[in-house]
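In what follows, a single structure is set out as structure tokens and then discussed.
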Amino acid sequence: MEPLYKPEGVEERWQRTWEDEGLYAAEPGSRRETFVVAHPPPNVTGALHTGHALQIALADLLVRWHRMRGFETAFLTGYDHAGISTQNVVEKHLLEQGTSREEVGRERFVEIVWDWLREYGGTIMGQFRRMGASMDYRRERFTMDDAYVRAVMRFFVHLYDKGWIYRANRIINWCPHHETSLSDLELVHEEVDDALTYVRYPFADDPADGVTIATARPATILADVAVAVGRGDGRWRHAVGREVVVPFVERVVPVIEDERVDPEFGTGALKVTPGHDPLDFDIGRDHDLPELTVIGPDGRMNGEAGELAGLNQEEAEERILAWLRERDQLMKREAYRHSIALCERCKSRIEPLISLQWWCRMDEIKQPALAALREGRVRYVPESQHRYAIDSLENAPDWNISRQLWWGHQLPVWECPDGHLTVREEEPGACAECGSAELKRSEDVLDTWFSSALWPFAILGWPERTPELDAWYPGTLNTTAREIIRLWENRMIFSGLELLEEIPFSRVIIHTTVLASDGRRMSKSLGTGLDPLDLVAEHGADATRYGLLKLTSSQDVRFSEGAIEEGRKLANKLWNVSRLILANVGDATPELRPRALEERWIAWRLDQAQAQLEEQFGAYEFSSAMGVLYHVTFDDFCDWYAEAIKPRLYDGDEDARATALANLERLLKLLHPAMPHVTEEIWSNLPGRETRLIVSPWPEPVSAEDASAEFEPIRVAAEVFRRAGVRAPLDEEQQRIFDAVVKPDRAKVDGGDLEAEAERLRGEIARAERMLANERFVQNAPGEVVEAEREKLERYRRELDALGA
RNA sequence: GGGCGGUUAGCUCAGUUGGGAGAGCACCAGCUCGACAAGCUGGGGGUCACUGGUUCGAGCCCAGUACCGCCCACCA
């Protein structure tokens, strides 16, 4: 064994072995208690990013821990077809080939996507494997698998039959580049420098006078159908009820009152354009105003724009502004900074357009989910996210589920020439209403999240009643990032409750977001991304897993390589202490025979560390757990225990040798869920090892006595000796350990610090005495706090005595 | 405009019902002994963002201020 642990090669070897030997495999027939994680499906075109890596580290730790604890673990995985994202990628690819989606047509385009995916997609599973994720890769699923598609169709028809899916003309977010609608959740907002334009709309009956409005989008003036002012706004009382003339198109429209107009903004008068603004749309519907449209799906002025038809919005705006200037109706133009909505994929400016889309009503379907959340049957961790999840579900608006894309699940809706709709899982032969055989399927596809919502049970074969579904639904937990709560987690909960009448999992762990080291978001476009595979190549998957878990926190954290480095050091330290033990145990086999003080003590320390780990794993406190592993390995196991038993190992003490192996075994088990590879590698070098660590049982506590009362004096003596060069009185056993661990030549034996050390201790003693003399403290503080203070006082006094010895 | 979180050592972060300011990394010094391309030991370094309050006692509780994030929102 080399003195430096080198993870490369070792890790890949174990990854192959574990999978080949079927140790990742889950079997639905098991009678054991189950631990099921349906891992979030990555985009089929995606590559591993830091968020995935953290998610893997976290979920795999829990899975491996439960596997060792005897649970039947099902760590399930697969891909999301990621409608808009995948379409985007393939369209770019077509562009490079000198063609386009439009040119090849829908049918051919979908074929090209499939071909493209077969060639370039689906690389991330290899990266999951490289992280050591112990998923059952045999059960990999894809949201476009035939069986999955059937589940999606069933869901749609089910909701439609219940009357919860409907079609309506509403104002929606339109991406002019993708030419599709988007839900609010698929937008990003960005501040831009713009202009606010003040335009006078003359009264129809008195053109010299009029109402001045402020607008950020003069091009939409052509679709104005009213001017609105705040209810009871005195400034405009004379205008309400009269009519004004819309510039350029010279349309006569009413001046109305509405409480949604903010009197503080601009002039307090708003031009109402229901066709191109969400607020105006609402106002228009309530006042029964017409809905005009002058901008088309391509973002350019459409046929309704008269002489401006075909122009882009900037050009149209120029023409309109010129028109206004000529007539002296352009009152003012001022700089205006505001935020606009962009398509999160292509960053095109979102166009609010009225469009016929499919919607899912939320009011009824969300109720059981809300109840489950409120009652804590499903709990988000941390608690703050639980409140947020409830809040966002309570306020969830109807869900726009249709998209005008080509890649995705086509709606199971057929329309006959008379406009009747037939909704069936399979293509119907005739219109359900009039019997017409001339049916045309809706061209829309479903929002990707509509299918993702079924993930925890569709991957188990639902709607078929499969053994997997019986065994693994409901699952156990889900891990994800904060921004996915509304998009995915909540939707899995309500769809699971609706279709299977059971929650899909009882815990959702919302993990830390790892920011770039400068505090910005990690993102490819900002160039702040970080390839976790580079970290794995440099430090190993174990170190990377450890580092990411160490970074987890109650808040977002900046990435620091130091955490990964710490993991690398831990792996190396473990490797080396194993070398020490393995090289000096002769033909001993692992067996716990603790006799000597250091053996009774390390058994107790390992018990303690294990108890802490179990508590922290159970509470999803991964960073603290990594701290426990680090310190128990370095400080307790290596610096004290290993040093103390060295002479006995060399001397051939069989009890010490067997016990050392047993203790090493136990340490490896504690570390395995976080650092699976290095621990398995060392495990395989232990004498008489035939089973794998990955499936070996999690240790039972040794139930050792608390040996600290005998052991602590050695630590105190060592501290005093190192600081002041004074040796404290110890009994024979203690002295043996002291001599093994605290070598004389390592101590600073100059005695010069003696008085300073005594002074420090006297200060501590005085402080402790003061506190204990304080009646209010003794009466009010919790008993254990007071007791701890008494113990401290005694310990300081002992140390002071030792100094004087 | 709302909601949530943050501000602790040079860096990244802990600090669990209020009771000795911590870890890892970095830095300095000593040691190097039969696991450790390193390790071990010791050390320097902090007005716990600021201001007030409660308390015998505040990093922690309360009120306010400043700055930094994130999420949400139809201010044209």
Quick one: on RNA chain B, does R387(A) or S624(A) contact a more 5' nucleotide (nearest heavy atom)?
R387(A)

For [X], answer base if it contacts any base atom (sugar-phosphate contacts may also be present), sugar-phosphate if it contacts only those atoms, and nothing otherwise; contact means non-hydrogen atoms under 4.0 Å.
X	value
K550(A)	nothing
R217(A)	nothing
Y650(A)	base
Y198(A)	nothing
F559(A)	nothing
A214(A)	base
V272(A)	nothing
V557(A)	sugar-phosphate

Distance, [atom1] atom - from [M] to [N], rounded to whole angstrom:
N	M	atom1	answer
U17(B)	C61(B)	C1'	11 Å
G15(B)	C60(B)	C1'	9 Å
U55(B)	G18(B)	C1'	9 Å
G57(B)	C40(B)	P	43 Å
C48(B)	C13(B)	C1'	14 Å
C33(B)	A38(B)	C1'	14 Å
C62(B)	G46(B)	P	29 Å
A21(B)	G45(B)	C1'	13 Å

Tell me: [atom1] of [X] to [atom2] of [N], nearest whole Å?
X	N	atom1	atom2	result
I390(A)	C72(B)	CD1	P	18 Å
D277(A)	C75(B)	CG	P	9 Å
I564(A)	U12(B)	CD1	P	15 Å
Y201(A)	A76(B)	OH	P	16 Å
D194(A)	C75(B)	CG	P	14 Å
L580(A)	C33(B)	CG	C1'	13 Å
L393(A)	G3(B)	CG	P	21 Å
R715(A)	U41(B)	CZ	C1'	14 Å

Using 4.0 Å as the upper bound for N to carboxylate O, is an ion pair formed by [Y] and [X]?
X	Y	value
D194(A)	R349(A)	yes
E351(A)	R217(A)	yes
R736(A)	E598(A)	yes
R482(A)	D556(A)	yes
D636(A)	R715(A)	yes

From C-beta outward on Y388(A), which listed nucleotide comes closest to its side chain: C75(B), U12(B), C71(B)?
C71(B)

The side chain of E566(A) lies closest to which of these nucleotides: A35(B), U12(B), G24(B)?
G24(B)

Does C72(B) have its OP1 or OP2 closer than 4.0 Å to a side-chain nitrogen or oxygen of R486(A)?
yes

Hey, is the side chain of R558(A) poking within less than 4.0 Å of OP1 or OP2 on U12(B), counting only N and O atoms?
yes

For T267(A) and A269(A), indicate whether the former's side chain and the latter's backbone hold a donor-acceptor pair under 3.5 Å.
yes

Where do N or O atoms of nucleotides 37-39 of chain B meet protein N or O atoms at under 3.5 Å, pair by pair?
from, atom 1, to, atom 2, distance (Å)
G39(B), O3', K573(A), NZ, 3.1

Given I283(A), V227(A), V229(A), I213(A), the one that forms side-chain contact (heavy atoms from CB on, under 4.5 Å) with L270(A)
I283(A)

Run the numbers on E334(A) and K332(A) for salt bridge (Lys or Arg N to Asp or Glu O under 4.0 Å), then give the verdict.
CA-CA 7 Å; E334(A) 60 187 24; K332(A) 186 162 69 163; 3.6 Å; yes

Answer yes or no: are there more than 12 heavy-atom neighbours, outside E483(A) itself, under 6.0 Å from its atom CD?
yes

Find out whether V199(A) and K271(A) are in side-chain contact, i.e. whether some heavy atom of one side chain is under 4.5 Å from a heavy atom of the other.
no

With a 4.5 Å limit on heavy-atom distance, are the side chains of V225(A) and L292(A) in contact?
yes

Would you write out the dot-bracket form of RNA chain B, 5' to 3', with Watson-Crick and G-U pairs under 3.5 Å, [ ] for crossing pairs, | for pairs to other strands and . for unpaired bases?
(((((((..((((.....[..)))).(((((.......))))).....(((((..]....))))))))))))....

Do we get R486(A) above W449(A)'s six-membered ring, with its NZ or CZ under 6.0 Å from the centre and within 45° of the axis?
no

